[in-house]
There are 2 protein chains.
Amino acid sequence: MAEPDSNDNPQSSAQVARAVARLILTGVWREGTTLPREIELASRFDVSRASIREALSLLKAKGLIASKQKAGTHVRARFDWNMLDEELLNWTLSALPTQEFAKQIMEVRRIVEPEACAICAVRGTDEDFARIERAYRGMDAAGMDRVAYAEPDLQFHRGILIATGNDFLIAFGATVAAALRMSFNLSTTNPGAPRKSLPYHRAVLDEIWARNPDGARQAMHKLMDLTEQNIVSALSRQKKRDTEDESARGRRAR
Amino acid sequence: MAEPDSNDNPQSSAQVARAVARLILTGVWREGTTLPREIELASRFDVSRASIREALSLLKAKGLIASKQKAGTHVRARFDWNMLDEELLNWTLSALPTQEFAKQIMEVRRIVEPEACAICAVRGTDEDFARIERAYRGMDAAGMDRVAYAEPDLQFHRGILIATGNDFLIAFGATVAAALRMSFNLSTTNPGAPRKSLPYHRAVLDEIWARNPDGARQAMHKLMDLTEQNIVSALSRQKKRDTEDESARGRRAR
DNA sequence: GGAGAAGATATGTCTGACATAATAATTCTT
DNA sequence: AAGAATTATTATGTCAGACATATCTTCTCC
């Protein structure tokens, strides 16, 4: 979970990277667009060309852009973007936390996590299970405290992925982290919602301890159902609130 | 598929990035290791500090390393590595193409692709299907030509992922690409093997056209079975050959 | 012995310059 | 006049050296 997604990174190249990423993610600079020259970017963001280059190199690594000498730097096609990268996910999350995004992220979680859970039940070591158990205890101990609940929640899901011993499933933890952060941000409107998932986590854990892959898969599936439901309803609540604010502002403007 | 993984990137910073990544991936610089100072790296790789910084910033973006002022740059924990990144996958592939890696990559493909295929059958547009059909025709036209077969093969699988309209599943295409490249590299010992998958692809495509999610899932599952079988047997053949070379070299040394 | 101050050091940033490669413009040839 | 070859242009790639900043270490003082 690291830190809340505020601008807590003092490094200026990182800030530039984030700003440019935002421009791309929100579609201001569309796919195929050639972006301004490095010198222009430098003067626009009021940093040196070196910092710009460092920022761009970050975005290059994430597949957002590509550059060729003389030709310039352009925004790559959408499906070259490395959307499973944690930073990129967080940027997307804070740039456009839409219902569409929530649906997509829950769709993959539904595909991956139940299977990972089944594998975990078969292949995980007792040590792995103990780590997941500790995470569960942390969630339980957090009570109604949303903030304290978030970290062990992530550790729970991550623990299952780690127990599979599959590097690709482990890397999927970044996506899970983004999803959980999204739920966390949304849970302000309904602080009790996360806590409701506790017994579902317990059920998953019991099936794992029993080394029952089918049960584990099913239990995780139910947890996914609940999570998706929470996110969708929170998003529609938020959307409703936003449109109310919008109309209020509209009235005031008249 | 882009290009074969030879050293075709003239950019020196990219070369350094690759070299350092290799050192990390092969475990020469383990997790937690603090790597040499930027100046030392610069003199070791015989490039300027700026290029070193650019290389490191690439690796930072992929989660391999992290730096703090004064403290230095260190190798991050393995599960922070963004293993689903295409470049990182290719580096891993050329650094240590082990049986373990093959197993892992096929395990995720098995989890993701059949489900993606089912979603594709439901949600894909006729236009999406036509693109997949074109890819299939390309595979068919390639005949026994391994090289010509590879590209449309990737397009086939990628087309299914794209048709889901889910950005996360689309991003999974990088992993599929790495897997296919691995099969391609291995198919030298059995050039006919890829061609055998053609009817299985046809079966998948038919189920998709019929908009039959369950059938599509099952057909893709069978294709995954075949692919895994091919890879595993090719790897064991290669391993056998390697050990034979090894012992031959041993005899010669005596 | 512990708290605070001073120094050392590795990363972060800046400046300005030149190298390189791809494009655009120009010249030369047929 | 059309096309091929050559030159000019230009944006990224690389280099060098300097200073800023943050953090770890060491030293000093109470």
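Just so we're on the same page: letters track the sequence lines, and every chain starts at 1.
Rounded to an integer number of Å, the gap from CG of A:Asp46 to P of C:dT15 is 9 Å. The NE2 atom of B:His74 sits 12 Å away from the C1' atom of C:dT11 (whole-angstrom rounding). Rounded to whole Å, the distance from CD on A:Glu54 to P on D:dG13 is 14 Å. In this entry the distance linking CD1 of B:Ile65 with P of C:dA10 reads 16 Å, nearest Å. When the C1' atom of C:dT13 is taken as reference, atom NZ of B:Lys68 falls 20 Å away, rounded to whole Å. Atom C1' of nucleotide D:dG13 and atom CZ of A:Arg37 are separated by 16 Å, given to the nearest angstrom. Computed from coordinates, the A:Phe45 CZ to C:dT13 P distance equals 15 Å when rounded to whole Å. Here the C1' atom of nucleotide C:dG12 and the CD1 atom of B:Ile52 are 16 Å apart, to the nearest Å.
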Let me see the working for A:Phe172 and B:Phe79 under ring-ring contact (aromatic ring centres under 6.0 Å, His included), right down to the final yes or no.
CA-CA 9 Å; A:Phe172 186 72; B:Phe79 56 71; over 10 Å; no
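Distances shorter than 4.0 Å separate none of the side-chain N or O atoms of B:Arg49 from OP1 or OP2 on D:dC15. Side-chain nitrogen and oxygen atoms of A:Ser51 include at least one within less than 4.0 Å of the OP1 or OP2 phosphate oxygen of C:dC14. Within the 4.0 Å cut-off from OP1 or OP2 of C:dG12, not a single side-chain nitrogen or oxygen of A:Ser13 is found. The side chain of A:Ser12 contributes an N or O atom lying less than 4.0 Å from OP1 or OP2 of C:dT13. For C:dA10, the OP1/OP2 oxygens have no side-chain nitrogen or oxygen of B:Ser67 closer than 4.0 Å.
For the residue pair B:Asp140 / B:His201, no side-chain donor-acceptor distance below 3.5 Å is found, with atom types taken as modelled. One side chain, A:Asp128 or A:Thr125, offers a donor N or O that lies under 3.5 Å from an acceptor on the other. Of the N and O atoms on the side chains of A:Arg18 and A:Ser94, at least one donor lies less than 3.5 Å from an acceptor on the other residue.
B:Ala71 comes within contact range of no nucleotide atom at all, as no heavy-atom separation falls under 4.0 Å.
Set against C:dT11, C:dT20, D:dC24, the side chain of B:Lys70 has D:dC24 as its closest nucleotide. The side chain of A:Glu38 has D:dG13 as its nearest neighbour among D:dC15, C:dG12, D:dG13.
Between A:Val47 and B:Leu35, the residue anchored nearer the 5' end of DNA chain C, judged by the nucleotide with its closest heavy atom, is B:Leu35.
You'll find a donor-acceptor pair under 3.5 Å spanning the side chain of A:Gln69 and the base of C:dT20, going by distance alone.
Among all heavy-atom pairs drawn from B:Ile52 and B:Val16, the shortest one is CD1-CG1, 3.8 Å.
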